[in-house]
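The next block holds one structure in the form of structure tokens; read it before the comments.
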Amino acid sequence: MKARYSVIVPMFNEEEVIKHTYDRLKKVMDQSDDSYELVFVNDGSRDHTAEIMREISSRDENVKLIDFSRNFGHQVAITAGMDYAEGDAVVVIDADLQDPPEVILQMIEKWKEGYEVVYGKRLKRQGETIFKKVTAKIFYRLLSSMTSVDIPTDTGDFRLIDRKVCDVLRGLKEKNRYVRGLVSWVGFRQTMVEYDREERFAGETKYPLKKMIRFALDGITSFSHKPLKIASYIGFFLSFSSFLYLFFVLFQRVFTSWTVPGWASIVGVNLLFNGIVLMLLGVIGEYIGRIYDESKDRPLYIVRETKGYLDVEQEHSHIRKGNDYVR
Ligand code: UDP
Ligand code: MG
């Protein structure tokens with residue numbers, strides 16, 4: 001029986017690379033005997049990415065385009081791709097050719113052996129700043145020490161998932177999405193292929209520090225309550241030690257005649273404690289903010305138009321709300 005593959009490519013301002021990415025993906029996918037579709041998700045690019053893809057999709061019937069109404073973020077773009085993908089196996093790959101498309105064929109081999117999730121593990125990362133490499137390393141280690149879900153280190157979103165896994169993921173409704181964590185969380189038979197991460201083909205990273213921090217916080221808060229626990233441990237420790245200190249202060253006041261100037265210590269203790277209290281409030285705020293996001297029940301993304309779908313109905317815009325499409 002012939003299989004069908006979907007390759008999801010999230011794009012944000014990728015006009016310099018996207019043509020090459022398409023060419024290379026096409027070359028790789030044409031090598032397999034099975035049929036395939038390339039699902040390009042334009043995540044609100046402000047350059048010509050959408051036009052280039054629209055043109056390609058009118059020439060190549062295997063190319064689909066989903067055009068967001070604005071930038072919704074990398075993880076949401078991947079989620080949209082999964083909603084639209086029709087293949088028996090679904091591959092997610094970056095648009096910048098850092099993940100070599102040729103590895104997809106190895107992933108497909110593993111899938112044919114019966115694995116339901118095949119993730120790509122990065123051996124080397126080329127052409128990335130020391131800062132990025134170091135922070136990424138720390139983040140993956142920190143995350144795995146904090147959660148009970150076994151999220152493999154040094155893997156990105158470059159992976160193949162089976163239809164079954166894709167359907168399960170589509171049913172998960174959380175808004176602050178950390179897709180690679182969710183894929184680990186759902187289980188199934190998982191394996192990996194190793195690859196060297198290449199340099200970005202052109203353009204620059206679409207993950208500035210701000211987005212990286214947001215992404216890291218999503219990863220940690222979605223999969224761990226540890227920061228909240230740490231908050232209560234610190235709180236407990238502080239109340240206990242201030243209680244002891246209170247005894248000391250009372251003792252001094254009642255039984256000794258030292259004249260304590262006291263100003264420095266009061267200010268010092270105040271600053272320290274206020275700082276810690278604010279920090280802990282911040283931790284709690286992060287979680288409450290996310291609860292708020294979930295409770296608003298807004299759609300995860302808004303599609304302006306789709307291209308390449310034969311079904312005329314589908315050419316209209318879609319809004320994802322859980323598993324239902326509301327028009
Ligand atoms: N991306 C996206 N929306 C965003 C940011 C990034 O769809 O808001 C896409 C981007 O076009 C690329 C992938 O996500 O295909 C990974 O981004 P990038 O290569 O800039 O990240 P890095 O490899 O530097 O971590
Ligand atoms: Mg990249």
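All values below were derived from every heavy atom in this structure, side-chain atoms included, with hydrogens, water molecules and symmetry-related copies excluded. Read the numbers this way: they start at 1 and go in the same order the structure lists the ligands and their atoms.
When Glu14, Met11, His74 are ranked by how near their heavy atoms come to atom 12 (C) of ligand 1, first place goes to Glu14.
Both tests pass for Arg70 against the ring of Phe72: distance under 6.0 Å to the centre and angle within 45° of the axis.
Taking a cutoff of 4.0 Å between a charged side-chain nitrogen and a carboxylate oxygen, Arg122 and Glu194 do not qualify as a salt bridge. With respect to the salt-bridge test (charged N to carboxylate O, under 4.0 angstrom), the residues Lys27 and Asp23 do not qualify.
Among protein heavy atoms, atom 8 (O) of ligand 1 sits closest to Lys211 NZ, 2.7 Å. With hydrogens left out, the protein atom closest to atom 13 (C) of ligand 1 is Asp94 OD1, 3.5 Å, a heavy atom.
For Phe12, a nitrogen or oxygen atom sits less than 3.5 Å from a nitrogen or oxygen atom of ligand 1, counting backbone and side chain alike. For ligand 1, the polar-atom distance check against Ala95 finds a nitrogen or oxygen pair separated by under 3.5 Å.
Checked against a 6.0 Å centroid threshold, the rings of Tyr178 and Trp185 do not count as neighbours. Ring pair Tyr115/Phe188: centre-to-centre distance not below 6.0 Å.
At a 4.0 Å heavy-atom cut-off, ligand 1 does not touch Gln75 at all. With a 4.0 Å heavy-atom cut-off, ligand 1 is reached by the side chain of Asn71 but not by its N, CA, C or O.
The two residues Lys211 and Phe12 come nearest to each other via the heavy atoms NZ-CE2, 3.6 Å.
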